[in-house]
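First listed ligand is number 1; within each ligand, the first listed atom is number 1.
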Amino acid sequence: MSVSIKTPQEIEKMRIAGRLGSEVLDYITPYVKPGVTTAELDRLCHDYMVEVQGCVPAPLNYCPPGYKPYPKSICTSINHQVCHGVPGDKALKKGDIVNLDITVIKDGYHGDTSRMFLVGGDSNCSILARRLCQVTYECLWLGIAQVRPGAHLGDIGHAIQRHAESNGFSVVREFCGHGIGANFHEDPQVLHYGKRDTGIELKPGMIFTIEPMINAGKAAISELPDGWTIVTRDRSLSAQWEHMILVTDSGVEVLTLSAGSPARPDIVASLLP
Ligand code: MF3
Ligand code: CO
Ligand code: CO
């Protein structure tokens, strides 16, 4: 496994791509309402990326080995869908939870980020759904708070797994965070479970995503016949949040922030500057 160290020029391009990815989520937020179809959200995001931002939607026709080309521009994963949900004609309804995962390509570099949305507002979602989304957000940030030169990849996974499991939830094993740059998915694989002091040592200039998928029930998943959509095997709810981060000389820089990014959770207040 060889993990690239980005040059200052590449880092600047990744900052721009990261902000643009996050701004797509800001743009789409007011449209995530009961009655909207995920295909409509896909079309709106596609047009915003292409026509307003001058970006390429990275998912469209993305075709890793063993897959068929991804048919849409964003991923929309509802309720028991874990990740890679393919937008379609199903309308969102009050009380659904949905992850929107955006990846833009700007000037040859990728910006990858996702958020959860509670459809119809928090008060319409079950207490379990709200707690799952909140704990998963805390897992993401507890992972981010581990990042500094000299830390190990396993420190991130350990922090995420400990928080998820201590809340009675489970960590999806089959999908992970990833290095990212001129390629959508690069080394390293960033597992969302693991042991402290294991895995590669983090060095300044590494850029990767952290994107925990946390299930309310068991960790096992299945793939739907569309060849993309991943669901929980027990059909329990699943949540995911994703940021793209840079290892800096002194710690961590989150690259996928914008005006509409939710605030960091209180749980990391004492862990980050
Ligand atoms: N954005 C996803 C990730 O975080 C990857 C989606 S691949 C797609 O890695 F083809 F489904 F879009
Ligand atoms: Co990603
Ligand atoms: Co993503």
Query raised in the report: What protein heavy atom sits nearest atom 2 (C) of ligand 1, and how far off is it?
Result: D101 OD2, 3.3 Å

Query raised in the report: With atoms numbered from 1 as shown, which atoms in ligand 1 lie under 4.0 angstrom from a non-hydrogen atom of W228?
Result: 8 (C), 10 (F), 11 (F)

Requested in this report: Pull out every atom of ligand 1 sitting under 4.0 Å from any heavy atom of T103, numbered as shown with elements.
Outcome: 1 (N)

Report task. Would you please classify the geometry between the W228 ring and the H84 ring as parallel, tilted or perpendicular, with 30° and 60° separating the classes? Result -> perpendicular

Report summary line: ligand 1 to E242, heavy atom cutoff 4.0 Å, flagged ligand atoms 4 (O)

Report summary line: Excluding water, the protein N, O or S atoms sitting under 2.8 Å from the Co ion (ligand 3) are D101 OD1, D101 OD2, D112 OD1, E242 OE1

Query raised in the report: Can you find an N or O of D112 that's nearer than 3.5 Å to an N or O of ligand 1?
Result: yes

**Report entry** Plane angle bin for Y27 and Y31 - parallel if under 30°, tilted between 30 and 60°, otherwise perpendicular
**Finding:** tilted

**Report entry** Separation between CD1 of I210 and CG of L140, rounded to the nearest 0.5 Å
**Finding:** 6.5 Å

Report task. Measure C83 to ligand 1 on non-hydrogen atoms and call it side chain, backbone, both or neither using the 4.0 Å cut-off. Result -> neither

Query - Heavy atom of the protein closest to atom 12 (F) of ligand 1 (residue, atom name, distance) - result: P59 CB, 3.1 Å

Query raised in the report: Would the number of heavy atoms belonging to other residues, nucleotides or ligands and lying under 6.0 Å from CZ of R131 be above 12?
Result: yes

Report task. Could you tell me whether some N/O pair between Y62 and ligand 1 is separated by less than 3.5 angstrom? Result -> no

Query raised in the report: Is there a heavy atom in H178 that sits closer than 4.0 Å to ligand 1?
Result: yes

Query raised in the report: Touching ligand 1 at all, F184? Heavy atoms, strictly under 4.0 Å?
Result: yes

Report task. Could you say whether the N/O atoms of E211 and ligand 1 ever approach to under 3.5 Å? Result -> yes

